Amino acid sequence: MIFIAVKFTALDPEEWLARLDDFTVATRGEPGNLFFDWSRSVENPDEFVLLEAFADAAAGEAHVNSDHFKAAIATMSELVAEVPEIINVEVEGTGWSRMAEVTPRNR
């Protein structure tokens, strides 16, 4: 799968997710999308982290060639305070695995 992590610093964090909601919904609806999840930093309220994955290179290519991706790039370019940081790698698997070291305790 193609795994991507991106850190964005927003000019206006209250506007960020609202303006990108259509993009988020459209991407999650793509046939090759495995997950597309936003998180907000607990240390920097202006920072958002996007974790996303696509089934394969073809799914990733379809994503970046989609109209909603192109529109989101334009929107994000208006909303970022600096150039985002990205990790983009191809890894084995089809999604999240379970962590072996941590399990729920019986209560």
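Sequence positions, counted from 1, serve as the residue numbers for this chain. As the structure is a prediction and not an experimental result, all values here were calculated from the model.
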Check your understanding: Quick one: are Phe54 and Leu34 in side-chain contact, heavy atoms under 4.5 Å?
Key -> no
Review point. Does some side-chain heavy atom of Thr24 sit less than 4.5 Å from a side-chain heavy atom of Glu52?
Key: no
**Study point:** Min side-chain heavy-atom separation Val6-Phe48 under 4.5 Å
**Key:** no
Check your understanding: Is a side-chain N or O of Arg28 found less than 3.5 angstrom from the main chain of Asn33, in a donor-acceptor match?
Key -> no
Practice item. Report whether Ile2 and Trp96 are members of the same hydrophobic cluster (ILVMFWY, side-chain heavy atoms less than 4.5 Å apart, transitive linking). Key: no
Exercise for review: Take atom CD of Glu61 as the centre, draw a 6.0 Å sphere, and report whether it contains more than 12 heavy atoms from other residues, nucleotides or ligands.
Suggested key: no
Practice item. Starting at OG of Ser97, measure out to CD of Glu92 and round the result to the nearest 0.5 Å. Key: 11.0 Å
When the side chains of residues 76-89 are checked against the rest of the protein, which donor-acceptor pairs come out under 3.5 Å, sequence neighbours left out?
| from | atom 1 | to | atom 2 | distance (Å) |
| --- | --- | --- | --- | --- |
| Ser77 | OG | Ile73 | O | 2.8 |
| Glu78 | OE1 | Arg19 | NH2 | 3.0 |

Point to revise | N-O pairing of Glu14 and Arg40 below 4.0 Å | key: yes
Check your understanding: Crowded around Asp67 CG? As in, over 12 foreign heavy atoms under 6.0 Å?
Key -> no
Check your understanding: Is there a side-chain contact between Asp46 and Trp16, using heavy atoms and a 4.5 Å cut-off?
Key -> no
Check your understanding: Which pair of non-hydrogen atoms, one from Ala5 and one from Leu51, has the smallest distance, and what is that distance?
Key -> CB-CD2, 3.7 Å
Revision key, fill the gap. What one should report as the nearest heavy-atom pair of Ala55 and Ala59 is N-CB, 4.0 Å
Exercise for review: Decide whether Leu17 and Val49 are clustered together by the hydrophobic rule: side chain heavy atoms of Ile, Leu, Val, Met, Phe, Trp, Tyr closer than 4.5 Å, transitively.
Suggested key: no
Practice item. Over all heavy atoms of both residues, which pair between Pro45 and Pro13 is shortest? Give the atoms and the distance, please. Key: O-CB, 3.4 Å
Check your understanding: Are Phe3 and Leu50 linked, directly or through other ILVMFWY residues, by side chains that come within less than 4.5 angstrom of each other?
Key -> no
Review point. Any side-chain heavy atom of Met1 within less than 4.5 Å of one from Thr94?
Key: no
Review point. Between Trp38 and Phe8, what is the ring plane arrangement, given parallel below 30°, perpendicular above 60°, and tilted in between?
Key: tilted
Review point. Thr27 versus Phe69: any side-chain heavy-atom pair under 4.5 Å?
Key: no
